[in-house]
Amino acid sequence: MAKRKRCTVEEFATIKRIQYDETTQCVKLSNMTEIVKSWIVRGEVSSVSSLRLCTIGKAQKSVLNFELRDDTGVVRATAYGKTADRIHDKLQNGMNMQINNFKIKAVNPAFNSTGNDYEIEVDERTLIRELIGCPATGGEKKTVHFTEFHDIQSTTDTAINVIGVIKRVGDIKEIPTQSSGKILLKRDVTLMDDKKNTCVVTMWNDDAKDWIYVPRDIITISGAGVNEFCGFYSVKLYRTFVVVKDAVNEKSVMLKGLLDELMPESQ
DNA sequence: CCCCCCCC
């Protein structure tokens, strides 16, 4: 394996933009096992998590997740520390990226909802570049799989993606915990699908406080967990979740068309 | 290197 080089200072200051080059050999996102031969992937940014502070070893470090998609699949990537700080507000959905010199690791399906068997780890030698001049063609981009509300019960150990119309946004509730006496903030949001099935999504703390979406919004939630209580299943949000309003996918468009039928405005 | 989100 070739020795990998550190980023230059200039590359750390921003995401460098480079011209699309069709002769660059890239691995398709669904073929990540072949990555050892190439170490380059290309894809469109389809999801960016919030930047969160995690304790890693003894240090506090930023952690950021984002997802790329191409015509074959979706891959989740993780960046840490200064790299995460540097790129988190520069990554935009729809940007075409090229990533060189990353690490690859097997996913933990409890935290990865892409359907890919592998994910990308960005380190200090990884080059993340915005590709300009990408050809418009190249086939339909893959999207992640949405779990139907009635299938949520079979996915308790797996991160999932859900989509629906917001039927109801609950108030914030203060929940005292038995163990630590800490007060938790909680908010429940009810989603409705195209068949008027519903599903409750629970947000905690800052995510509960900062919730901005309202009834009749069509949202997709990626990277959610499944919660079970007394045989009742609901969706809970991990810190890495991403909510997108009016996401560009077939289901979102379909729900938009059914909106007045599902959720009349007079209600 | 994260990976956790907690209550009835």
Side-chain angles (χ1 to χ4, degrees), chain A residues 4 6-7 47-68 74-88 91 99 101-126 128 144 152 155-162 168-191 199-211 213 221-243:
Chain A
R4 297 189 293 149
R6 278 181 186 277
C7 284
S47 167
V48 184
S49 80
S50 58
L51 190 70
R52 61 197 192 283
L53 207 56
C54 298
T55 305
I56 301 173
K58 285 182 182 170
Q60 289 272 99
K61 271 190 189 179
S62 303
V63 180
L64 176 75
N65 294 103
F66 60 96
E67 289 174 8
L68 294 181
V74 182
V75 70
R76 182 185 193 235
T78 309
Y80 299 92
K82 287 196 173 66
T83 308
D85 293 334
R86 170 176 77 89
I87 66 175
H88 91 275
L91 289 177
I99 305 185
N101 295 347
F102 48 86
K103 286 182 187 160
I104 179 171
K105 76 171 206 186
V107 304
N108 178 344
F111 305 107
N112 185 314
S113 57
T114 62
N116 204 317
D117 292 335
Y118 297 93
E119 60 184 34
I120 286 174
E121 278 202 355
V122 172
D123 68 17
E124 69 276 12
R125 289 171 173 80
T126 302
I128 302 173
V144 295
I152 283 174
T155 53
T156 45
D157 299 324
T158 314
I160 59 169
N161 310 298
V162 290
R168 181 178 172 274
V169 177
D171 294 328
I172 289 190
K173 293 196 178 93
E174 293 191 353
I175 311 277
T177 50
Q178 301 280 352
S179 49
S180 64
K182 209 167 64 171
I183 303 283
L184 305 174
L185 301 178
K186 175 188 161 171
R187 189 201 294 277
D188 282 345
V189 171
T190 307
L191 294 184
C199 163
V200 171
V201 182
T202 304
M203 264 81 55
W204 294 94
N205 301 324
D206 283 350
D207 300 328
K209 220 166 43 184
D210 299 340
W211 186 257
Y213 303 100
I221 301 175
S222 53
V226 175
N227 190 51
E228 188 269 341
F229 178 67
C230 290
F232 179 75
Y233 292 87
S234 61
V235 172
K236 62 182 175 185
L237 296 192
Y238 292 129
R239 290 303 320 221
T240 47
F241 79 94
V242 175
V243 176

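Letters A, B, ... are given to chains in the order of the sequence lines, protein chains preceding strands, and every chain is numbered from 1.
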Original post:
To the side chain of A:I56, which of B:dC2, B:dC6, B:dC4 is closest?
Top reply: B:dC2
**OP:** Using atom CG of A:L53 as one end and atom C1' of B:dC2 as the other, report the distance to the nearest whole Å.
**Re:** 12 Å
Original post:
Among B:dC2, B:dC4, B:dC6, which is the nearest nucleotide to the side chain of A:T240?
Top reply: B:dC4
Subject >> Pairing residues for A:D188 by the side chain to side chain donor-acceptor pair (under 3.5 Å) criterion, not counting sequence neighbours >> reply: A:T202
Subject >> Between P of B:dC1 and CZ of A:R76, the distance in whole Å >> reply: 12 Å
Original post:
In terms of side-chain heavy atoms of A:K186, which of B:dC7, B:dC2, B:dC8 is nearest?
Top reply: B:dC7
**OP:** Answer with base, sugar-phosphate or nothing: what part of the nucleic acid does A:R187 contact at a heavy-atom distance below 4.0 Å?
**Re:** nothing
Original post:
Hey, does A:L184 have a side-chain heavy atom less than 4.5 Å from the side chain of A:K182?
Top reply: yes
Original post:
Across the strands shown, which category fits A:K105 at heavy-atom distances under 4.0 angstrom: base, sugar-phosphate, nothing?
Top reply: base
Subject >> Within residues 59-68 of chain A or reaching into it, pairs that qualify as side chain to side chain donor-acceptor pair (under 3.5 Å) - sequence neighbours excluded >> reply: A:R52-A:N65, A:T55-A:Q60, A:S62-A:D85, A:N65-A:R76, A:N65-A:T78
**OP:** Let me know the distance between CD1 of A:I183 and C1' of B:dC8, rounded to the nearest Å.
**Re:** 15 Å
Original post:
Does any residue of residues 106-118 of chain A have a heavy atom under 4.0 Å from DNA chain B, and if so, which ones, in number order?
Top reply: A:F111
Subject >> Rounded distance in Å - CG (A:N65) to C1' (B:dC4) >> reply: 12 Å
**OP:** Starting at atom OH of A:Y238, determine the distance to atom C1' of B:dC6, rounded to an integer number of angstrom.
**Re:** 12 Å
Subject >> Atom-to-atom span, CD1 of A:I120 to P of B:dC1 - whole angstrom >> reply: 14 Å
Subject >> Nearest-Å distance for atom pair CZ/P, residues A:R52 and B:dC3 >> reply: 7 Å
Original post:
Of all the nucleotides listed (B:dC7, B:dC1, B:dC4), which has the minimum atom distance to the side chain of A:W204?
Top reply: B:dC7
Subject >> Polar pair under 3.5 Å, donor/acceptor by atom type, side chain A:T177, base B:dC6 >> reply: no
Original post:
Residues two or more places apart in sequence or in another chain: which of them pass side chain to side chain contact (heavy atoms under 4.5 Å, CB included) with A:T156?
Top reply: A:V226, A:Y233
Subject >> side chain to side chain contact (heavy atoms under 4.5 Å, CB included) against A:K105, all qualifying residues, sequence neighbours excluded >> reply: A:E119, A:E121
Subject >> For atom CZ of A:F232 and atom P of B:dC7, their distance in whole Å >> reply: 16 Å
Original post:
Picking from B:dC8, B:dC3, B:dC1, which would you name as closest to the side chain of A:E121?
Top reply: B:dC1
Original post:
Any side-chain heavy-atom pair from A:I172 and A:K209 closer than 4.5 angstrom?
Top reply: yes
**OP:** Taking atom CG of A:D171 as the centre, report whether more than 12 heavy atoms of other residues, nucleotides or ligands fall under 6.0 Å from it.
**Re:** no
**OP:** Could you tell me whether A:K236 contacts a base, only the sugar-phosphate backbone, or nothing, with contacts defined as non-hydrogen atoms closer than 4.0 Å?
**Re:** sugar-phosphate
Original post:
What is the nucleic acid contact for A:K173, judged by heavy atoms within less than 4.0 Å: base, sugar-phosphate only, or nothing?
Top reply: nothing
Original post:
Can you name the residues that form a side chain to side chain contact (heavy atoms under 4.5 Å, CB included) with A:K236, not counting sequence neighbours?
Top reply: A:N227, A:Y238
Original post:
Hey, is A:Y80 stacking on B:dC1? Ring centres under 5.5 Å, planes under 30°.
Top reply: yes
Original post:
Base, sugar-phosphate, or nothing: which does A:E119 touch, judged by heavy atoms less than 4.0 Å apart?
Top reply: base
